[in-house]
Amino acid sequence: MSAPAEEIAHALSRLALYWRAAGWRAAGAQGLTPTQAEILSRLAADGPMRSGDLARQLGVSAPTLTDAVSTLAAKGLAGRQPDPLDRRAARVVLTPRGAETAALLPEMPEAIAPVLDGLADSERAGLLRGLTLVIRGLQEAGAIPVQRMCLTCRHFRPHAHEDAARPHHCAFVDAAFGDGALRLACADHEEAPEEERARHFARFAAVA
Ligand code: SF4
């Protein structure tokens with residue numbers, strides 16, 4: 001019997017509540033709001049970024065982003081520098097103190113890691129595949145910001161191999177991989193054209 005959508009929605013909602021509360025605690029421990037902590041973490045992971053790109057990735061409005069960056073600048077944790085690709089534009093950058101603070105922010109709530117580690121490989125792979133499909137659907141519906149995920153990447157070749165354990169292929173590193181290695185925030189991601197994204201999604205979703 002397949003799981004009812006209401007139960008899955010309830011489970012996701014419980015996780016979101018826990019995650020949000022843990023995020024507030026972790027950010028608060030560094031004297032930050034969750035949005036300010038997200039900005040530091042994102043800049044530490046991806047490097048300097050234009051305000052518009054940062055706002056899109058975090059799913060916040062331009063005024064909210066501007067306020068948060070101004071507060072971070074006042075605390076000496078972030079600043080702005082000219083964009084080398086367009087001198088009229090500016091990028092948000094971390095200061096050395098901002099980088100130190102970002103390193104203190106946990107990647108995930110402390111209690112989650114051991115729980116995920118306790119799952120079997122096949123359970124983790126199934127979870128990642130399901131979440132990837134949900135996130136891709138929400139992204140296509142315009143409900144959440146675009147993620148740098150395999151399903152939207154021009155290097156992704158879903159079910160390109162016969163090997164059931166590693167059916168997908170990443171053309172960027174020219175290697176096969178399985179559902180358990182799907183990426184949701186890949187630094188090498190390059191957005192595929194819309195038609196190609198739809199084709200990849202259909203093929204990925206059709207073969208369980
Ligand atoms: S480059 Fe990254 S996002 Fe793209 S297919 Fe390879 S692993 Fe996935």
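Basis for what follows: all heavy atoms, side chains included, without hydrogens, waters or symmetry-related copies. Order of listing sets the numbers, starting from 1, for every ligand and every atom in it.
- With sequence neighbours left out, H189 forms a ring pair (Phe, Tyr, Trp, His ring centres under 6.0 Å) with no residue at all.
- A perpendicular orientation is assigned to the rings of H200 and F156, their planes being inclined by more than 60° (bins at 30° and 60°).
- For atom 2 (Fe) of ligand 1, the nearby protein N/O/S atoms, meaning those under 2.8 Å, are C186 SG.
- With F204 as the aromatic partner, R129 meets the cation-pi criteria of under 6.0 angstrom to the ring centre and within 45 degrees of the ring axis.
- In this view, F172 and H155 satisfy the ring pair (Phe, Tyr, Trp, His ring centres under 6.0 Å) rule, not counting sequence neighbours.
- Residue pairs meeting the salt bridge (charged side-chain N to carboxylate O under 4.0 Å, His left out) criterion with at least one partner in residues 33-48, sequence neighbours excluded, are D46-R148.
- The pair R124-D121 meets the salt-bridge criterion, since a charged nitrogen lies less than 4.0 angstrom from a carboxylate oxygen.
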